[in-house]
2 protein chains.
Amino acid sequence: MHTGIQEIATVTGLSKSTVSRALRGMPTVADTTIDQVRRVADELGYVPSSAAAGLATGRQRAVGVVVPVIDRWFYVKALGGVDAELRRAGHDLVLYNLGGPGGDRGRAFRRSMLRHRVDALVLLSLVLDETERSELEFTHHPVIVIGGPAPGLRNVGVDDLAVTESAVAHLAGLGHREIAYLGGQDEDGMNVAVPHLRRDGFVEAVRSRGLTVREDRMLDGRFSFAGGAAAGAYLFDRAASDRPTAVSCASDEMALGVLLAAAQAGLAVPGDVSVMGIDGHEYGAVVGLTTVAQDPAAQGRAAARAVLAEVDGGSAGPLPAAPTELVVRTTTAPPRVQRGEAARGAR
Amino acid sequence: MHTGIQEIATVTGLSKSTVSRALRGMPTVADTTIDQVRRVADELGYVPSSAAAGLATGRQRAVGVVVPVIDRWFYVKALGGVDAELRRAGHDLVLYNLGGPGGDRGRAFRRSMLRHRVDALVLLSLVLDETERSELEFTHHPVIVIGGPAPGLRNVGVDDLAVTESAVAHLAGLGHREIAYLGGQDEDGMNVAVPHLRRDGFVEAVRSRGLTVREDRMLDGRFSFAGGAAAGAYLFDRAASDRPTAVSCASDEMALGVLLAAAQAGLAVPGDVSVMGIDGHEYGAVVGLTTVAQDPAAQGRAAARAVLAEVDGGSAGPLPAAPTELVVRTTTAPPRVQRGEAARGAR
DNA sequence: CTGAAAGCGCTAACAT
DNA sequence: ATGTTAGCGCTTTCAG
């Protein structure tokens with residue numbers, strides 16, 4: 001039926017072992033033998049069985065990637081990065097989508113992931129609880145999280161506090177003193193730390209500049225475009241004098257929503273209000289959104305590399321923070337000088 | 001070291017086979033035995049080895065999903081659907097990202113995918129060439145494509161011709177006779193059929209209404225937001241008399257770009273120009289985009305179900321076309337009556 | 001440089 | 001209802 005290592009052994013007149021070694025290009029095999037074996041393997045259409053190899057070696061040459069939900073910009077980009085690096089290393093990527101509130105998170109962690117199907121795990125922005133962590137520890141698999149940080153686990157990601165600080169610095173540098181913040185828990189209620197960190201970073205950055213944080217300007221946009229639009233509408237539905245001069249968003253998707261809300265409210269950006277985001281979403285480039293960009297794909301690649309190295313017995317030291325870059329475009333500018341004077345009945 | 005079926009056999013005093021059967025809850029095992037075995041397995045922290053099981057049964061309980069690139073709305077949504085259904089069935093999902101022009105497509109098809117790591121394959125919008133098809137056939141794996149159609153393979157997807165027909169019907173029904181089309185090859189140059197089908201469908205639908213297709217109004221937006229914005233800018237940079245009254249886009253992302261271009265050109269939508277898309281992207285709902293919506297996640301689920309059924313020896317008959325729905329929102333309306341009269345220096 | 005033999009952890013007849 | 005006996009297809013000592 002399916003050609004196995006055995007067939008090619010009989011055809012070449014060699015032994016299974018030699019064929020096995022030749023196929024993997026081991027140094028102790030004669031070059032001519034290697035060539036011959038490879039040729040015959042090709043002719044026979046030989047395809048190795050990862051299950052058999054995995055059973056024999058204990059290595060599956062696959063790593064699992066766990067995502068809270070899959071349809072978010074950051075996750076998709078990071079996933080792409082992980083995939084690219086894995087592919088390069090000849091490993092397969094097994095996807096575990098916890099799938100929001102509906103997905104049975106617990107089961108996912110036990111059943112499949114632990115089914116020694118993978119050699120290591122990459123978690124995207126997940127914070128695990130005690131049980132999950134010990135469950136993981138038990139597998140002795142290298143684990144790394146992207147986007148974290150997650151207590152007790154290595155992680156790759158930006159310094160979220162620094163990111164919000166840099167956003168506030170930009171806005172404050174332009175002269176803004178009335179800055180609203182749009183953050184919020186991810187709408188799928190997964191247990192992620194980033195929203196909190198960014199919020200804390202914002203508060204800290206604002207306070208450190210002697211400005212006050214107004215609770216009614218700390219909004220929840222659920223990290224989505226729609227949420228951003230709703231929050232923006234709420235914000236811009238106030239008298240000009242009660243409007244912030246800038247809104248700092250914890251994600252570009254929300255910032256995009258705010259931009260839409262501003263347009264619908266007849267407000268000019270950045271004339272009447274400055275808006276900025278965090279991420280570096282490609283849509284932002286099109287609409288001129290100022291942002292603090294990060295590169296999730298690069299983070300994915302770095303995570304994959306790190307975890308693969310650990311599988312190969314490499315060290316498990318801490319990883320450097322992923323780089324970010326303030327990208328100033330056209331949605332931010334100094335605030336109007338006389339507030340209350342201008343802006344009455346759009347443009 | 002790692003607890004295997006053997007340990008739990010010795011602890012319970014049963015045989016490996018009985019333990020194996022109990023673990024899988026086979027009917028020929030006494031309920032008390034099942035309970036006992038399960039309990040002991042839990043205590044020992046037993047985790048089954050999918051490699052061993054796979055070797056023995058020839059079933060990996062995993063299916064491969066091949067995507068041309070991962071960061072596109074449709075693929076992400078469909079992937080989520082496939083994942084959900086697979087998870088339900090207790091199968092794992094192995095992701096093969098061909099990764100655009102850079103990814104070594106050929107290698108991906110041979111090396112890993114064929115490495116009996118999966119029991120079936122789900123291809124997202126891929127058209128395979130001869131070699132690839134025979135390569136696949138050779139594996140005897142059930143294969144299904146989402147989004148196709150792909151010659152020689154089963155597929156799940158909408159009727160693209162009907163979709164564009166429905167879009168044109170809506171626009172024509174409103175009275176539009178000057179309709180531009182925004183389609184284009186996917187920017188990553190993967191070998192997909194959908195762009196062509198939609199374009200053909202549009203041309204057909206327009207002609208069948210006795211309207212003419214102007215080549216200079218058949219635009220390429222590369223199926224991206226940025227591409228849509230660029231195409232829109234090009235289109236709206238003409239004298240009002242030379243502007244189409246509506247633009248039908250082959251994807252919502254491009255339509256969103258056109259909307260942006262319209263705003264930047266000072267054109268009112270749908271006052272000066274009607275815009276509609278295809279897909280049902282969530283951003284569209286926020287901006288009121290009229291569209292022909294489809295449900296890629298549902299398509300993903302259907303595909304997974306079909307391919308799993310085939311793995312279990314089920315039939316491999318053709319699948320029904322996925323449903324679509326015209327969603328009329330606020331970006332489409334009848335065209336201005338006197339063309340050339342109105343619209344001079346926005347609002 | 002190559003061969004022989006012994007598993008890896010599980011499932012699957014075939015008994016009993 | 002449970003035990004016995006062979007493998008699944010590959011890797012890996014241990015010997016030549």
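First the proteins, then the strands, lettered A, B, ... as listed; each starts at 1. This is a predicted model, so every value here is computed, not measured.
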*Between B/H116 and A/V47, is a side chain to side chain contact (heavy atoms under 4.5 Å, CB included) present by the stated rule, with each step listed?*
CA-CA 8 Å; B/H116 320 271; A/V47 174; 4.0 Å; yes

*Could you tell me the separation between the CG atom of A/L23 and the P atom of C/dT2, rounded to a whole number of Å?*
14 Å

*Distance in angstrom units between A/I5 CD1 and C/dC8 P, rounded*: 18 Å

*With side chains defined as the heavy atoms from C-beta onward, is the minimum distance between A/H91 and A/D119 less than 4.5 Å?*
yes

*Where chain B begins and ends its contact with DNA chain D, read 5' to 3' at 4.0 Å from heavy atoms*: D/dA1 to D/dG9

*Can you find a side chain N or O atom of B/S20 that sits less than 4.0 Å from OP1 or OP2 on C/dT11?*
yes

*Output the single nucleotide from C/dC8, C/dT2, C/dG9 whose closest atom is nearest the side chain of B/A56.*
C/dG9

*Would you find a donor on one side and an acceptor on the other, under 3.5 Å apart, between the side chain of A/R87 and the backbone of A/L93?*
no

*With a 4.5 Å heavy-atom cut-off, do A/Y96 and A/V118 have their side chains touching?*
yes

_When you compare the side chain of A/V63 with that of A/V311, does any pair of heavy atoms fall below 4.5 Å?_
no

*asked:* Measure CD/A/Q36 against P/C/dC1 and give the value in whole Å, please.
replied: 15 Å

*Check against side chain to side chain contact (heavy atoms under 4.5 Å, CB included), A/V29 and A/V37*: CA-CA 11 Å; A/V29 184; A/V37 168; over 6 Å; no

_Test side chain to side chain contact (heavy atoms under 4.5 Å, CB included) applied to A/V158 and A/Q299, step by step_ = CA-CA 9 Å; A/V158 303; A/Q299 292 172 41; 3.6 Å; yes

_Nearest heavy atom decides the nucleotide; on that basis, is B/S17 or B/A52 closer to the 5' end of DNA chain D?_
B/S17

*Which part of the nucleic acid, if any, lies within contact of A/T57, taking any heavy atom under 4.0 Å across all strands shown: a base, the sugar-phosphate backbone alone, or nothing?*
sugar-phosphate

*asked:* Could you tell me how far apart B/R21 (CZ) and C/dT11 (P) are, to the nearest whole angstrom?
replied: 11 Å

*To the nearest Å, how far apart are A/K16 NZ and C/dG3 C1'?*
12 Å

_Rounded distance in Å - CD (A/Q6) to P (C/dA4)_ = 11 Å

*Using a 4.0 Å heavy-atom cut-off across all strands, classify B/R24 as base, sugar-phosphate, or nothing.*
sugar-phosphate

*Distance in angstrom units between B/R61 CZ and C/dC10 C1', rounded*: 14 Å

*More 5' along DNA chain C: B/L55 or B/T18, using each one's nearest nucleotide?*
B/L55

_Sugar-phosphate only, base, or nothing, as touched by B/S49 at under 4.0 Å among non-hydrogen atoms_ = sugar-phosphate

